[in-house]
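In what follows, every heavy atom counts, from backbone to side chain, and hydrogens, waters and symmetry copies are set aside. Letters A, B, ... are given to chains in the order of the sequence lines, protein chains preceding strands, and every chain is numbered from 1.
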2 protein chains.
Amino acid sequence: MARTQGSHSEITGPRVREAAMRLFARHGFAAVSMRQIATEVGVQAGALYNYTPDKQSLLFDLMREHMDALLDAWQQEDPGGTDARARLEAFTRFHIRFNTRRADAVFVSYMELRNLTGENFAAVTELRRIYETRLEEILRAGQDAGVFTLAEPRITAMAVIALLTGVNTWYRDAGRLKLDEVETLYWDMVRRLVGG
Amino acid sequence: MARTQGSHSEITGPRVREAAMRLFARHGFAAVSMRQIATEVGVQAGALYNYTPDKQSLLFDLMREHMDALLDAWQQEDPGGTDARARLEAFTRFHIRFNTRRADAVFVSYMELRNLTGENFAAVTELRRIYETRLEEILRAGQDAGVFTLAEPRITAMAVIALLTGVNTWYRDAGRLKLDEVETLYWDMVRRLVGG
DNA sequence: GTCTATAATGGGATAGAC
DNA sequence: GTCTATCCCATTATAGAC
């Protein structure tokens, strides 16, 4: 991966971020050195500081952008309307598809919360809370409409998210089940769980 | 935490393990130094090597013993017999109770898998697989007896475990709900999820 | 924008005294 | 069993040449 001197900002930036995400997911933030990231990208360690003021900011930016992308993508896919059951199915399928395609980012955004400084932690946690609330509102709407039966909408929302994110621990693209079949299996579980 | 010289093996050993578990959970394995653990215990760093050959073994022992304790505890609590529904309720309540009481160990045993060397990783993963299989067998028994309706017992087992372990992300002893109420809420979700 | 070189600090692990 | 002292190496981040 030797690289001669020169200017490569348009391509180096994304490469730094991709390498950092992959390495953080594989070995953990604290276990990965700036030198390792640089080697992966094909530059010297010092050059990374053209793209991040420090290692902490690199982690934080990766996590915040993942959460932003998650919220934006759901806003695009949410069918809205008054059919809570249809929205919950859309959420279920969306969450599985989005998260299995970005397993590294999901892993890092959960595992490395403890390595964020105080205000960075608060920022990422707030985005997570907003996402949980999106689901909670669907559950409340369904409850009000009489199509769901659940005692605690907030807890049910967190339970459903934990259930769905769990797909990442076993799903593999080359596995027996296609993603579409996995979505259907989990939608079946979610549907029954909410008493729909 | 200054400590004079002397022999304290019976108490230092457990203290090393408790401090390591707490620090690993809070900051991550790679981010915690042997010096930090020693400070927490009140000894010098060199003294830790009376209790572990190296840092990696310390992590592995903590994880393996947690998994052993989990399997042993369930073996004690499993009512056995032919009532799959009763066994599933027992499993649900057991899993929540055991895991919320040992949040640090649960966190470490999942997050730090990637910091285990090859054969240590395989050993812990095998224990995890065995635990999943305990639940899977209950689900299959219930399916055969016609009290559960589920398409994929293995996947359902992993889904239920993810759902239940998710309690750890929000449950606090001082919170609004008592643990017993949480167990009941989740048993309600699990019961419906398996079509019982 | 990237390089080389380096400053300043801290890491895991060991040796030998007590 | 614990201490002090230390070896050797890696770390993040910066400085200045190109």
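Put simply, CE on Met34(B) is 17 Å from C1' on dC9(D), counting in whole angstrom units. Regarding Asp54(A), its CG atom lies at a distance of 5 Å from the P atom of dA13(D), rounded to whole Å. Whole-Å rounding puts the Asn115(B) CG to dG12(C) C1' distance at 15 Å. Across the protein-nucleic acid pair, Lys55(A) atom NZ and dT11(D) atom P stand 9 Å apart, rounded to whole Å. Rounded to a whole Å, the CG atom of Leu48(B) is 13 Å from the P atom of dT14(C). Atom CD in Gln36(A) sits roughly 7 Å away from atom P in dT11(D) (whole-Å rounding). The distance between atom CD1 of Ile37(A) and atom C1' of dA13(D), rounded to the nearest whole Å, is 13 Å. Summarising the geometry, the separation between CD on Gln44(B) and C1' on dT4(D) is reported as 8 Å, rounded to the nearest angstrom.
The nucleotide whose nearest atom lies closest to any side-chain atom of Tyr49(A) is, among dA13(D), dT4(D), dA13(C), dA13(D). Of all nucleotides listed (dG1(D), dG1(C), dG12(C)), dG1(D) comes nearest to the side chain of Asn50(B).
Below the 3.5 angstrom threshold, one finds no donor paired with an acceptor across the side chain of Arg35(B) and the base of dG10(C).
Side-chain atoms of Asn50(A) come within 3.5 Å of backbone atoms of Ala47(A) as a donor-acceptor pair (strictly under, hydrogens ignored). The backbone N or O of Asn115(B) lies less than 3.5 Å from a partner atom in the side chain of Gln56(B), making a donor-acceptor pair.
Between Thr12(A) and dT2(C), a side-chain N or O to OP1/OP2 separation shorter than 4.0 Å is present. Put simply, Ser33(A) has no side-chain N or O that comes within less than 4.0 Å of OP1 or OP2 on dA10(D).
Using a 4.0 Å cutoff on non-hydrogen atoms, no part of residues 20-31 of chain B comes near DNA chain C.
Screening Thr52(B), Leu116(B), Thr117(B), Asp54(B) for a side-chain contact (heavy atoms from CB on, under 4.5 Å) with Phe60(B), the sole residue that qualifies is Leu116(B).
Applying the 6.0 Å contact sphere to CZ of Arg154(B) captures more than 12 heavy atoms from other residues, nucleotides or ligands.
Two rings, from Trp74(A) and Phe91(A), have their centers less than 6.0 Å apart.
Salt bridge annotation for Arg97(B)-Glu77(B): present, with a cationic side-chain nitrogen under 4.0 angstrom from a carboxylate oxygen.
Residues Phe107(A), Tyr110(A), Met111(A), Phe107(B), Met111(B) make up the rest of the hydrophobic cluster containing Tyr110(B), defined by ILVMFWY side-chain heavy atoms closer than 4.5 Å, directly or through other members.
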